[in-house]
Every structure is written in C-alpha cells, then in structure tokens.
Amino acid sequence: MDAPESEPGWGRRALERTIAPVVAVIVWYILSRLVFVVPAPTRAVGALVTMLATPHYRADIGQTLVKIIVAFSLSAILGLALGSLLGLSPRLRAALEPLMLIANGVPKIVFYPILLILFGLGGTSQVVMGVIFGTLPVLVNLMSALANMRPVYRKVARMLEVGPLRAFMRIYMPAVAPTLMVALQLGFSLSVLGVVYAELIASSGGLGQFVIETYSVGNYPMLAAGVLVIMAISLAGTGLLRAAERMVLKQDR
Amino acid sequence: MSARKIGGYLATLLALAGLWALATSGRLVSDQVLPSFPEMAAALADLLADGQIAGNVGSTVLRIVLSFIIGVLLGLPLGALLWRVPPVSTALQPYLAAIYSVPLVVFYPFFLVLLGINDWPVVLLTAVMTTIPIALSTQIGLDHAPAVLINVGRSLERTPAQIFRQIRLPAAWPSILGGIKLSMVYAVVGVVSMEFVAAQRGLGSRIRYYYEIFDVGSMYVFILLTLLVSGCCIGAVLAVEGVTMNGRS
C-alpha cells in the first residue's frame with residue numbers, strides 16, 4: 001500500500017470503508033422504488049433468512065462452497081508447481097510461455113461445453129472450469145516473477161551452495177512472495193467466477209443454478225439473496241487471502 | 001512484439017493444430033469430443049452459407065469495442081480522482097478489487113428490464129469490469145511518478161497543469177497501458193461469458209446453442225472463432241502499445 005504522508009487513524013479509515021456499502025444500499029433502495037424487478041433491500045434480507053433456513057437451499061450453498069474450495073486449492077497447487085517450473089527453467093519457458101499467455105488471455109468459458117461432454121452435469125465439470133480459470137493467473141504471474149527476479153538471488157544461491165530445494169524455499173519464494181500473494185487472490189476470484197459461471201450455464205445444483213431457477217420463476221427477492229450469498233463468499237475469501245498476504249509479508253521484514 | 005515472439009506464438013498454434021489433427025485422424029478421441037478438421041470445414045461452409053458468422057462476429061466485436069471504450073473513458077478520470085483525493089481511494093479501493101470475483105452476469109436480469117433487449121445490458125455490465133483496471137493502474141502510475149522529475153519541473157517553474165501534462169502523465173503512461181491491456185482482456189472475457197449465459201446473439205450464445213442441439217462441429221467452429229476474435233482484439237491493443245511506447249523502455 002502506498003502510505004500518504006498523513007496516515008489517517010484506524011477509526012477514520014474504518015469509517016471511510018463503510019461509506020461505499022452504505023451508499024450502495026441507499027442506491028439499491030432508490031432503484032427498488034423505481035424499477036419493479038429490483039426487490040427492496042429489506043425483502044432481499046427476508047429472502048436470505050428464508051434461504052438460510054431451508055435445508056434444500058443450504059445444500060446449494062454448501063455445494064458451491066465445496067466446489068470453490070476444491071477448485072481454488074487445486075488451482076493454487078497447479079499454479080505454484082507449473083509456475084515455478086516454467087519460471088525457473090528457461091528451456092521450458094521458451095517452449096510453453098506463448099501457450100500460457102494465449103490461454104491466459106482468451107475467454108476460457110468457451111471450453112465449458114466440452115467439459116460437459118467429457119464429465120457431464122455433475123460437480124466435476126464446474127470444479128474443472130474453476131481450476132482452468134484459477135490456475136492460469138497464479139501460473140503466469142509466478143512464472144514471470146521468477147523469470148524477472150533480480151539475478152543477484154540466483155548468485156546468492158550459487159555462492160552459498162544451497163541445494164535447489166532450499167534455494168527455492170528460502171531465496172526464490174520469499175523474493176517473489178508479494179507477487180505470489182496477489183496472484184493467489186486473483187486466482188481465488190477467478191476460481192469463484194469459473195465455478196459460478198459454469199453453474200449458471202448448466203449444472204445439477206449450486207448457487208448458480210439457484211440464481212437461474214429463481215430468475216426463471218421471477219422470484220426476484222430470492223434471486224437477490226442468491227447474489228448476496230455469492231458476493232459474501234467472494235468477499236470473505238478475498239478478505240482471508242488479503243489477511244494471509246499481510247501476515248506473509250510482515251514475516252519477511 | 002519481436003519477430004521471435006511472433007514465431008513462438010505461430011509455432012505453438014501449429015503444434016496445437018498438429019496434435020488436434022493427430023488425435024482426430026486415428027480416432028484416438030471420439031468425434032463427439034473433438035471433431036476432425038474436415039467435419040469442422042463442412043460445418044463452417046454451412047454456417048457461412050446461411051450468413052450466421054458475420055452477424056454474430058459483428059455483434060460480439062461491437063459489444064467488446066463499446067465496453068472497452070466506455071472503460072477507458074470512465075477509468076482514466078476515475079483513476080485521476082482516486083489519485084487526487086485519497087479518502088475516495090480508501091473508501092473504494094477494497095471494493096474495486098473485490099468486484100472481479102462477483103460474476104456480474106447475475107445482475108443481467110435487472111439490467112435487461114432497465115435497458116431493454118439490446119446490446120446495452122451486456123456492454124454496461126462488462127464496462128464495470130473494464131473500468132476498474134484502468135482506474136487502478138492510472139492511480140498507481142500517477143502516484144509513482146519519480147519525485148525527482150516533479151522537482152525538476154518545479155525548479156523550472158512549470159505550472160501544476162504543465163507538470164501534470166508534461167511529466168506526471170508520461171511517467172504514468174506505462175502503468176496506464178498495463179491497465180488498458182488488462183481492460184481489453186476483461187472486455188473480451190466479460191462479453192463472451194455474458195453472451196454465453198444470457199444473450200440471444202453473439203459468439204458466446206452460438207457456442208451454447210450448438211452445444212444444446214448437439215451439433216459439435218458448429219460448436220467448435222464458434223469456439224475457434226471466439227478464440228480468434230479475442231486474439232485479434234488483444235493483438236490490436238498490443239499493437240497500439242508498440243506504437244506509443246516506441247523508443248521508450
């Protein structure tokens with residue numbers, strides 16, 4: 001974070017942070033009076049309570065949560081492993097970097113029908129979509145961070161004659177930690193997107209499917225409740241990863 | 001982009017096409033999963049004959065370009081505002097980053113009722129995604145202009161407006177360009193995925209349609225077309241970068 005000269009106090013920051021949500025709720029309320037499909041915030045909260053109290057809907061939430069956690073964990077592991085390999089090996093990078101950059105730039109949602117053909121409507125398709133979405137940002141950012149690492153780190157590793165594993169854990173990883181932590185946050189956001197988009201298109205359950213069903217029967221308060229839950233999951237996950245980032249980077253100092 | 005890089009991309013694409021031909025020629029992979037090139041050529045001929053290709057490519061490209069332009073027009077001033085007024089930055093920053101993890105298409109029904117059945121629901125929702133990277137990178141770029149350059153401007157008695165235009169903005173440009181590139185990626189991804197879920201026209205909606213009627217050949221034609229269109233859009237931005245960064249490192 002860029003620290004301006006006069007760092008405002010904690011309380012003031014917290015106050016400033018609450019402004020945006022408050023404004024958002026006010027705008028939402030005004031919209032709900034103007035447009036009939038937008039439910040009032042109070043009705044959405046009512047629907048949310050009903051949603052959380054209904055076992056069937058709770059199962060949808062649980063299903064999506066599990067898919068997101070599995071997809072993100074796999075994305076992080078795959079992205080870390082492949083990103084390190086490509087970042088540290090110039091030969092592999094020369095062969096595969098263009099493919100990775102192309103894959104990172106194109107809309108990967110277009111492959112979902114192929115996943116459906118391969119894996120069917122069950123959870124696997126959505127998890128794989130989440131992994132495809134989430135792996136690439138981790139992989140590409142880690143790869144370029146390691147490839148552009150200052151040469152002095154490699155020299156230190158060689159001079160201290162540490163083994164490759166120790167050099168990786170003690171020198172290279174700390175060197176790219178700031179980039180890696182941001183890349184993991186991006187990977188999480190994209191895993192969420194992959195899973196939910198897949199569920200919105202075709203799925204045997206989950207929050208995406210819940211949103212589509214409530215939309216098709218015109219139950220807009222429930223639709224809004226579903227949207228709120230999806231937003232809460234992504235905000236909570238991003239928040240946790242931001243906290244992890246602060247912890248990891250503080251240790252470094 | 002250097003000739004060597006372009007060679008790398010071409011070699012990669014050729015290798016993929018070779019693998020594809022190999023996998024389909026010996027029927028290693030079922031044609032329900034991966035159609036062969038002749039099957040796709042036949043599907044492409046049919047689609048060209050009934051004029052679907054031009055219309056759908058046109059409407060997807062139009063949506064991508066519109067959301068990108070709106071992103072640039074809104075993102076630059078928003079970034080300047082975030083840089084100039086720190087409380088606005090504290091109030092908005094955490095949420096700006098978090099918006100990416102919300103599948104904005106869930107707001108589509110509301111936008112549809114507000115704006116009608118046309119290109120605007122997709123364009124405006126995507127514009128939310130394209131505005132943010134430009135705003136954030138503009139803020140960072142303006143913030144990180146080297147103090148020594150600003151001081152040189154001051155000692156040469158330039159007005160604040162001159163310092164902004166002649167020093168701060170050029171110093172921020174590489175960072176802003178980074179945001180603009182990312183914004184184009186989001187424009188492509190946003191438009192195609194929203195078409196996929198919600199729209200009746202456009203490349204995304206065609207892929208889904210042909211999946212649903214089990215016409216795998218046509219589905220793949222539209223998948224490849226989508227990849228081609230996204231490659232061209234991103235390539236266009238990279239070309240602009242090459243021109244404006246010419247002679248700078």
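Chain naming here is simple, since letters A, B, ... match the order of the sequence lines and numbering starts at 1 in each.
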Check each atom of L223(A) against the heavy atoms of chain B and say whether the ones under 4.5 Å are side chain, backbone, both or neither.
side chain
Are the side chains of E97(A) and Y9(B) in touch, meaning some heavy atoms are under 4.5 Å apart?
no
Nearest 0.5 Å, please: how far is CE in M231(A) from OH in Y95(B)?
10.5 Å
Do M219(B) and P113(A) have side-chain heavy atoms sitting under 4.5 Å apart?
yes
Separation between CZ of F133(A) and OG of S193(B), rounded to the nearest 0.5 Å
6.5 Å
Does any heavy atom of chain A fall under 4.5 Å from the side chain of F107(B), the backbone, both, or neither of them?
side chain
Using side chain to side chain contact (heavy atoms under 4.5 Å, CB included), reason through V38(A) and L114(B) one step at a time and then give a plain yes or no.
CA-CA 10 Å; V38(A) 180; L114(B) 280 170; 5.7 Å; no
For residues I207(B) and Y112(A), determine if any side-chain heavy atom of one lies less than 4.5 Å from a side-chain heavy atom of the other.
no
Contacting region of F188(A) [heavy-atom separation from chain B under 4.5 Å]
neither
About how many Å separate CD1 of I114(A) and CD1 of I223(B), when rounded to the nearest 0.5 Å?
4.0 Å
Measuring from atom NZ of K108(A) to atom OG1 of T226(B), what distance do you get when rounded to the nearest 0.5 angstrom?
13.5 Å
Let me confirm one number: the CZ-CG distance from F196(B) to L200(A), rounded to the nearest 0.5 Å.
12.0 Å
Does V188(B) reach the side chain of V106(A), with side-chain heavy atoms less than 4.5 Å apart?
no
How many angstroms lie between atom CG of L99(A) and atom CG of L13(B), to the nearest 0.5 angstrom?
8.5 Å
Name the region of L96(A), side chain, backbone, both or neither, that has any atom closer than 4.5 Å to a heavy atom of chain B.
neither
Compare all side-chain heavy atoms of Y220(A) with those of F110(B) and state whether any distance is below 4.5 angstrom.
yes
Shortest non-hydrogen contact from A91(B) to A20(A)?
O-CB, 3.7 Å
Is L118(A) in contact with chain B via its backbone, its side chain, both, or neither, using a 4.5 Å heavy-atom distance?
side chain
Find out whether V37(A) and F111(B) are in side-chain contact, i.e. whether some heavy atom of one side chain is under 4.5 Å from a heavy atom of the other.
no
